[in-house]
Enquirer: 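Here's a structure for you.
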Amino acid sequence: MNSLINIFPTPYELAERFAQELAGMIKESEKTGKYFTLALSGGSTPGLLFSVMGDHFSRSVPWKQVHLFWGDERCVPPEDIESNYGIAKKKLIEKIDIPLSNIHRIMGEEDPISETARYSEEIKLFTDSREGFPVFDMVILGLGDDGHTASIFPEHMELLTSQNVCELAFHPKTLQRRITITGSVINNSLRVAFLVTGRTKAEIVEAIINKRASSENFPASFIVPVNGKLSWFIDKEAARLL
């Protein structure tokens, strides 16, 4: 399928535009009376998005209509500076009116194997299903310098096609344990958006978008929603080779 490419002068303008579009999606969902299921990402660019949403969209968005999930999480306590949940909590969740029951975090402090199973069931409980996999309304993704997305690294491409909802993953260099949703779940979503900034991402962005042979080494290149829409939100530094 074709991807929608959006290029912005600065990371802030990128975050602002995506925040506007996301707010619109949530408001549309409210009109139907259906919850909006949103999987968040870690990383600096999503972190900027959370700040924009928390500072400028805290009251204009019907947050009670949203169920928040995470695409991946490091196996650390929520107060750890590396916790994806912790970043979202500080920059977004503490600033909005959202029921605690609508926040579905990965409990990184728990046993990783049992937590992977528990979180898989929680996702299935609060999302629609298609072809046996959960359907998120929106999955936000980042892009690593090695082409990884969520916690699906080049060394473990099998996580892209796993038949499980979640998998236990390992950072290839630090061996830090992580829990991630699989490529099968991401590609079953209604909408997927990559938020990418910085010069260091330019070569990977160019390879993936132009379908270079080298892109087969990057997990992010295999994110192609089966029945959904894929969008890229890129700043000019990350898009400099396009």
Enquirer: Can you tell me how far CG of L143 sits from OG1 of T45, rounded to the nearest 0.5 angstrom?
Expert: 9.5 Å
Enquirer: Taking L38's backbone N and O only, do any of them form a donor-acceptor pair with D137's side chain (distance below 3.5 Å, no angle check)?
Expert: no
Enquirer: For F136, which of F69, F126, W70 qualifies under ring pair (Phe, Tyr, Trp, His ring centres under 6.0 Å)?
Expert: F69
Enquirer: Between W63 (side chain only) and F57 (backbone N and O only), is there a donor and an acceptor less than 3.5 Å apart?
Expert: yes
Enquirer: Is a side-chain N or O of R199 found less than 3.5 angstrom from the main chain of E237, in a donor-acceptor match?
Expert: no
Enquirer: Under the salt bridge (charged side-chain N to carboxylate O under 4.0 Å, His left out) definition, can you give me all pairs with a residue in residues 39-56, not counting sequence neighbours?
Expert: D55-K95
Enquirer: Once salt bridge (charged side-chain N to carboxylate O under 4.0 Å, His left out) is applied, what residue pairs with a partner in residues 113-136 remain, sequence neighbours excluded?
Expert: K34-D128, E115-R118, R118-E122, E121-K124
Enquirer: How about F222: does its CZ atom have over 12 heavy atoms from other parts shown lying under 6.0 Å from it?
Expert: yes
Enquirer: With a 4.5 Å heavy-atom cut-off, do Q176 and C75 have their side chains touching?
Expert: no
Enquirer: For K173, which residues count as a salt bridge (Lys or Arg N to Asp or Glu O under 4.0 Å) partner, sequence neighbours excluded?
Expert: none
Enquirer: Taking atom CD1 of I181 and atom OG1 of T116, what is their separation to the nearest 0.5 Å?
Expert: 12.5 Å
Enquirer: Given 3.5 Å as the limit, does a donor-acceptor pair link the side chain of S29 with the main chain of M25, or not?
Expert: no
Enquirer: Using only atom types and a distance under 3.5 Å, with no angle test, would you say the side chain of Y119 pairs donor to acceptor with the backbone of H104?
Expert: yes
Enquirer: So, are E28 and K31 salt-bridged, with charged N and O less than 4.0 Å apart?
Expert: yes
Enquirer: Residues two or more places apart in sequence or in another chain: which of them pass side-chain hydrogen bond (donor to acceptor under 3.5 Å, both in side chains) with N6?
Expert: none
Enquirer: Taking only residues two or more places apart in sequence or in another chain, which ones pass side-chain hydrogen bond (donor to acceptor under 3.5 Å, both in side chains) with N102?
Expert: none
Enquirer: Give me each pair satisfying ring pair (Phe, Tyr, Trp, His ring centres under 6.0 Å) with a member in residues 165-185, each pair once, sequence neighbours excluded.
Expert: F153-H171
Enquirer: So, does S83 use its side chain to make a donor-acceptor pair with the main chain of E79 at under 3.5 Å?
Expert: no
Enquirer: Report yes or no: does D80 contribute a side-chain atom to a donor-acceptor pair with the main-chain N or O of E82 at less than 3.5 Å?
Expert: yes
Enquirer: Between Q163 and T161, is there a donor-acceptor pair closer than 3.5 Å when you use the side chain of the first and the backbone of the second?
Expert: yes
Enquirer: Could you give me the CA-CA distance, side-chain angles and deciding distance for N164 and T182, then say whether side chain to side chain donor-acceptor pair (under 3.5 Å) is met?
Expert: CA-CA 7 Å; N164 294 322; T182 62; over 6 Å; no
Enquirer: Any salt bridge linking E73 with R105? Criterion: basic side-chain nitrogen under 4.0 Å from a carboxylate oxygen.
Expert: no
Enquirer: Is there a donor-acceptor pair under 3.5 Å between the side chain of S215 and the backbone N or O of K211?
Expert: no
Enquirer: Say whether, by atom type as modelled, one donor and one acceptor occur between the side chain of D235 and the main chain of T10 under 3.5 angstrom.
Expert: no
Enquirer: Side-chain contact, heavy-atom cut-off 4.5 Å: V205 with L241?
Expert: no
Enquirer: Just verifying a value: how many Å separate T180 OG1 and I152 CD1, rounded to the nearest 0.5 Å?
Expert: 4.5 Å
Enquirer: How about E167 and S162: does a side-chain donor come under 3.5 Å of a side-chain acceptor?
Expert: yes
Enquirer: State, yes or no, whether a side-chain contact exists between I96 and V61 at a heavy-atom distance under 4.5 Å.
Expert: no
Enquirer: Just to verify, which of W232, F218, F18 counts as forming a ring pair (Phe, Tyr, Trp, His ring centres under 6.0 Å) with F194?
Expert: W232
